[in-house]
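Let me begin by presenting the structure, written as structure tokens, before commenting on it.
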Amino acid sequence: MLILGCPGSGKGTLSARVEKHFGIPIINAGDVLRWHIAHETDIGRQARDVIHNGQLMPDSIMMQLIGEKAISMGDHDWLLDGFPRTAGQADMLLQALHEQHTPLTLVVNLRVPESIILQRILERWTHIPSGRVYNLSYNPPQRPGLDDVTGEPLEKRDDDNPDTFKLRIDSFHAKTEPMIERLRSERCVYDPSRPLLVDLAGETSNAIWPKLRAAIEERCPHLVK
Ligand code: AP5
Ligand code: MG
């Protein structure tokens, strides 16, 4: 399963709920890149500038880092957050999954008004090692400035500022939206009467979560508890 949506649309927040409720492992492309930055790998050195400038990493690197990790999980369930993000990444992923006879079950596209997203991003605090996100008004940590699980300090992401955010939105419109439109024409292989992609709209994750849960339960009956 894929979760798509513009920067700050709530992909990470809703993926965490999916992981908790359904026990599906999440692969988060941004978190993988931030791990490389924290560990000062060659990929991390490249990613630091790319992320700071609101640009995208090359498709081939992202396919190696994220796509191949998902493909290696065979027919186990998984959810990708932040990959694919370009038509090139989508082509590589769909082709590899097709060859392995494990096509996608569901693609969710979060539609949240852009007007409310910048404020969310400015209020976001992140526990970088785990990728857990908080928001000062919507989802504050139990103790100010500290991660609920580890007690470690929360940080601002380097790309959570108005200038970089504008560049991230621009690259979403230029590179990711055309990919989303292409995926919109795909059918679900397991039930060709349904489209592969489902749009979920709403201003709050609390409004979107019941719809997301229902979509997963409908497409993946084996996950219903
Ligand atoms: P990534 O880390 O994936 O960033 P993103 O796509 O910009 O998305 P975000 O993580 O900022 O937002 P989100 O949708 O997860 O929202 P969240 O749940 O945190 O990627 C970072 C960078 O890495 C990219 O810009 C690129 O450079 C590079 N990269 C990554 N993948 C790549 C790829 N495949 N190819 C090339 N380059 C790649 O929510 C946001 C905030 O809102 C939080 O504070 C949250 O608490 C709050 N919030 C959530 N829901 C609600 C709500 N309902 N009401 C109020 N507040 C809410
Ligand atoms: Mg995220």
Side-chain angles (χ1 to χ4, degrees), residues 2-19 26-37 43-44 46-67 69-70 79-90 92-93 108-114 116-128 130-141 148 154-161 164-177 179-180 200-212:
L2 310 180
I3 189 158
L4 311 175
C6 75
S9 56
K11 302 183 293 292
T13 302
L14 284 162
S15 302
R17 286 212 196 181
V18 170
E19 184 173 37
I26 313 295
I27 306 173
N28 177 310
D31 286 350
V32 171
L33 293 174
R34 284 182 282 276
W35 183 92
H36 278 273
I37 292 173
I43 287 176
Q46 182 178 358
R48 185 188 298 275
D49 288 342
V50 168
I51 291 180
H52 181 75
N53 293 317
Q55 305 298 314
L56 296 179
M57 289 289 281
D59 288 351
S60 54
I61 292 183
M62 295 312 297
M63 183 62 193
Q64 264 172 20
L65 277 181
I66 312 296
K69 192 180 269 194
L79 187 162
L80 298 186
D81 166 358
F83 180 91
R85 217 179 270 246
T86 66
Q89 293 177 17
M92 284 190 262
L93 178 70
V108 170
N109 180 38
L110 302 179
R111 296 177 72 105
V112 179
E114 255 173 49
I116 65 169
I117 286 179
L118 177 60
Q119 193 55 33
R120 285 186 182 184
I121 289 285
L122 297 180
E123 291 189 348
R124 172 165 66 185
W125 287 84
T126 306
H127 180 246
I128 303 276
S130 67
R132 273 185 289 281
V133 293
Y134 300 88
N135 184 287
L136 294 186
S137 44
Y138 163 73
N139 172 30
D148 289 351
L154 301 176
E155 297 170 60
K156 289 303 282 180
R157 267 173 45 178
D158 181 51
D159 54 350
D160 281 352
N161 61 72
T164 306
F165 187 70
K166 178 168 184 322
L167 299 170
R168 289 160 62 196
I169 289 280
D170 289 347
S171 84
F172 174 78
H173 288 312
K175 306 263 178 66
T176 309
E177 270 183 346
M179 176 199 84
I180 292 174
L200 295 183
E203 291 201 4
T204 72
S205 299
N206 286 339
I208 293 179
W209 167 242
K211 300 182 205 171
L212 174 58

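Each residue takes its place number in the sequence, starting with 1. Counting starts at 1 for both ligands and their atoms, following the listed order.
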*If you look at every heavy atom in Asp160 and Leu122, which pair is closest and at what distance?*
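Asp160 and Leu122 have their closest heavy atoms at O-CD2, 4.2 Å.
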Contact summary for Gly54 and Arg168, nearest pair of heavy atoms: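 Answer, listing the atom of Gly54 first, then Arg168: CA-CG, 3.7 Å.
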Between Glu123 and Ser137, is any side-chain donor less than 3.5 angstrom from a side-chain acceptor?
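Yes, Ser137 and Glu123 have a side-chain donor paired with an acceptor closer than 3.5 Å.
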Counting heavy atoms only, which part of [X] comes closer than 4.0 Å to ligand 1: side chain, backbone, both or neither?
X: Val133; result: side chain
X: Arg120; result: both
X: Tyr134; result: backbone

With a cut-off of 4.0 Å, which atoms of ligand 1 are near a heavy atom of [X]?
X: Arg124; value: 9 (P), 10 (O), 11 (O), 12 (O), 16 (O), 17 (P), 19 (O), 40 (C), 43 (C), 44 (O)
X: Leu56; value: 26 (C), 36 (C), 37 (N)
X: Ala29; value: 31 (N)

Report yes or no: does a heavy atom of [X] sit under 4.0 Å from some atom of ligand 1?
X: Gly5; answer: no
X: Gly54; answer: no
X: Gln89; answer: yes

### Task
For ligand 1, find out whether one of its N or O atoms is nearer than 3.5 Å to an N or O atom of Ser9.
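Between Ser9 and ligand 1, an N or O pair is found under 3.5 Å apart.
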